[in-house]
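Worksheet for the structure shown next.
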Amino acid sequence: MRECEYSQISTRSSTPMETPYKKRTPKKRKWEAFPGRNKFYCDGRIMMAKQTGVFYLTLFLILVTCGLFFTFDCPFLALQLTPIIPVVGGALFLFVLGTLLRTSFSDPGVLPRATPDEAADLERQIDVANGSTGYRPPPRTKEILINGQTVKLKYCFTCKIFRPPRASHCSLCDNCVERFDHHCPWVGNCVGRRNYRFFYMFILSLSFLTIFIFAFVITHIILRKWLSFMRQTHTPAGCVLAVVVCFFSVWSIVGLSGFHTYLISSNQTTNEDIKGSWSSKRGKDNFNPYSYGNIVTNCCAALCGPLPPSETLNRQLFTDRLIPIPVLFIDP
Amino acid sequence: RCSAPRTEATTCRPPFHNLQELRHSASLANKVFIQRDYSEGTTCKFQTKFPSELESRIERTLFEDTVKTLNNFYAEAEKIGGQSYLEGCLACVTAYLIFLCMETRYEKVLKKIAKYIQEQNEKIYAPRGLLITDPIERGMRVIEISIYEDRGSSSSSSGSSSVSGSTAR
């Protein structure tokens, strides 16, 4: 087997940041040296934002409401109406939970920060372009043409890269995220290229679940009052609680689903919509260069498009070495 | 099998024959970064402009072929069509659990790319004292090409010393 230890290749470091690291450190994974403000679990398999309190609240609300529904309403409804109701409810519940966890735990599409060599190379290019005027240099931007539309790429001072189009820097997580939509505290993560479809499926299925539970708990309450052989007429407190939670959440969740359906059909991110990047108010010729032109293709592209793997490569072994070692010598 | 050209007296080509020798007798001189080409949107595509630092090291056509092939691979990975829809729908129906046991098409293509880059390094770039880093290692932002110098030779890459007669492996 190829050796894991290899002799140091001497290098003329171009920046003072590059320090040859000679001491034999125990095998460390990349997530342990991650520069952003993320939290990792299960040895780098799970990646979340720093503040996860609201995520636990979301989980609690969903579990408690569904728990109340299955405990108090489903036995009655299964007997009086049809057992399909708890089955559908159960399937919806599992789908909601699955998509929520997938949204919260996956890498949203974080762009790894530039290596010192890359950063130095970019700085050199910028200096050449700006010239040394002695004044404070203007904010670094690069204008490019995408499908005929002018787009400005901004330089990120934290990550030391020119952000790709549609990427944005999340100040909460301190990362640049590809196709940044927004940072969602309810899922405890950013929503970006890699987890947008899970997020959309989550809010869509949660809308259905909320409406489903709301409708059937109301049905249960009404049926109880009507059926004459039911001696007790008081409704369990659990039902009332479930109705209250559903009533308050259905407006916001259904509203959010509708909003994101609109975004998907026009191939925009929340970020772009809020800033009005492609609005015609900005200019007569302003248009969205990423849209495929028709709603169906936009939807399919967003939901069924290819899913790129994580670029942060969290579970790979960490190395300070910035010189590429010929692939033959790396222990996979 | 080819022998190092004796007639190119203006270029100082280190006599590397394979990656093994590159490791033992080379020192890193410089790095060139091929940036992304966003003219067609956010799809992964790299610029095919030939960097000036590589002019004395490798033929333009070889370099352009490598970058064009890589671009084609990435286009294949990100293609939206019948197969990707099927994969997406199947994944959605199984609540995305299917990804626990199945490899996505993107991952399959990335493996092909890794193999291709290794092959290119072995056959074309290492003999010329260059090394390509897989873009995935750099967050798909750049193709990093490292330029190596023979440890024994002078630090400047442009020299007029003739290459000693050496045969490739």
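In what follows, chains are A, B, ... by sequence order, proteins preceding strands, each numbered from 1. For the numbers below, each heavy atom of this structure counts, side chains included, while hydrogens, waters and symmetry mates do not. Keep in mind that this is a model prediction, so the values were computed, not measured.
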**Shortest non-hydrogen contact from Gly139(B) toward Leu111(A)** = O-CD2, 3.9 Å
**Asked** Nearest 0.5 Å, what's the CG-CG distance between Asp117(A) and Leu28(B)?
**Response** 7.0 Å
**Prompt:** Are Ser39(B) and Ile144(A) close enough that some pair of their side-chain heavy atoms sits under 4.5 Å apart?
**Reply:** no
**Request:** Inspect the surroundings of NZ in Lys108(B) and state if more than 12 heavy atoms from other residues, nucleotides or ligands are less than 6.0 Å away.
**Result:** yes
**Asked** If we only count heavy atoms from C-beta on, is the Phe33(B) to Leu122(A) side-chain gap below 4.5 Å?
**Response** no
**Segment of Arg105(B) engaging chain A (4.5 angstrom heavy-atom cut-off)** = neither
**Item:** Tyr155(A) atom OH, over 12 foreign heavy atoms within 6.0 Å
**Value:** yes
**Request:** Tell me, for Cys92(B) versus chain A, whether the close heavy atoms (under 4.5 Å) come from the side chain, the backbone, both or neither.
**Result:** both
**Glu87(B) side chain reached by Pro306(A) side chain, heavy atoms, under 4.5 Å** = no
**Asked** Can you find a pair of side-chain heavy atoms, one from Tyr106(B) and one from Leu307(A), that are under 4.5 Å apart?
**Response** no
**Prompt:** Pro289(A) versus chain B, heavy atoms under 4.5 Å apart: side chain, backbone, both or neither?
**Reply:** neither
**Asked** Any chance CZ of Phe287(A) has more than 12 other-residue heavy atoms, nucleotides or ligands included, within less than 6.0 Å?
**Response** yes
**Request:** Go through Leu153(A), Thr99(A), Leu303(A), Asn147(A) and name the one with the most non-hydrogen pairs under 4.5 angstrom from chain B.
**Result:** Asn147(A)
**Message:** Would you say that Ile136(B) contacts Glu311(A) through its side chain, given a criterion of any heavy-atom pair below 4.5 Å between the two side chains?
**Reply:** yes
**Prompt:** Are any non-hydrogen side-chain atoms of Thr42(B) and Arg179(A) less than 4.5 angstrom apart?
**Reply:** no
**Prompt:** Of the backbone (N, CA, C, O) and the side chain (C-beta and beyond), which part of Leu94(A) lies under 4.5 Å from a heavy atom of chain B, both, or neither?
**Reply:** neither
**Message:** Using a 4.5 angstrom heavy-atom cutoff, name the option from Gly305(A), Gly98(A), Cys300(A) with the most pairs to chain B.
**Reply:** Cys300(A)
**Message:** Would you compute the distance between atom CD of Glu137(B) and atom OG1 of Thr115(A) and round it to the nearest 0.5 angstrom?
**Reply:** 11.5 Å
**Interface residues of residues 67-78 of chain B facing chain A - heavy atom cut-off under 4.5 Å** = Ala77(B), Glu78(B)
**Message:** Between Gln83(B) and chain A, with a heavy-atom cut-off of 4.5 Å, which part of the residue counts as in contact: side chain, backbone, both or neither?
**Reply:** neither
**Complete:** Whatever's closer than 4.5 Å to a heavy atom in chain A on Thr104(B) counts as side chain
**Request:** Under 4.5 Å heavy-atom distance to chain A, tell me which part of Ile117(B) shows up: side chain, backbone, both or neither.
**Result:** neither
**Complete:** Distance col, row Arg36(B):CZ vs Ile161(A):CD1, nearest 0.5 angstrom, shows 10.5 Å
**Request:** May I ask you to test the Val151(A)-Tyr38(B) pair for a side-chain heavy-atom distance under 4.5 Å?
**Result:** no
**Fill in**
In terms of heavy-atom pairs under 4.5 Å with chain B, the winner among Glu178(A), Arg193(A), Arg113(A) is Arg113(A)
**Prompt:** Side chain, backbone, both or neither: which part of Phe202(A) has a heavy atom under 4.5 Å from chain B?
**Reply:** neither
**Request:** Measure the CZ-CZ distance between Arg141(B) and Phe162(A) for me, rounded to the nearest 0.5 Å.
**Result:** 13.0 Å
**Prompt:** Between Ala301(A) and Ile80(B), which heavy-atom pair has the shortest distance, and what is it?
**Reply:** CB-CD1, 3.8 Å
**Item:** salt bridge (charged side-chain N to carboxylate O under 4.0 Å, His left out) partners of Glu40(B), counting only residues at least two apart
**Value:** Lys45(B)
**Asked** Do Cys89(B) and Cys304(A) touch side chain to side chain, with heavy atoms closer than 4.5 Å?
**Response** yes
**Request:** Pick one of side chain, backbone, both or neither for Ala114(A), based on which atoms fall under 4.5 Å of a heavy atom in chain B.
**Result:** both
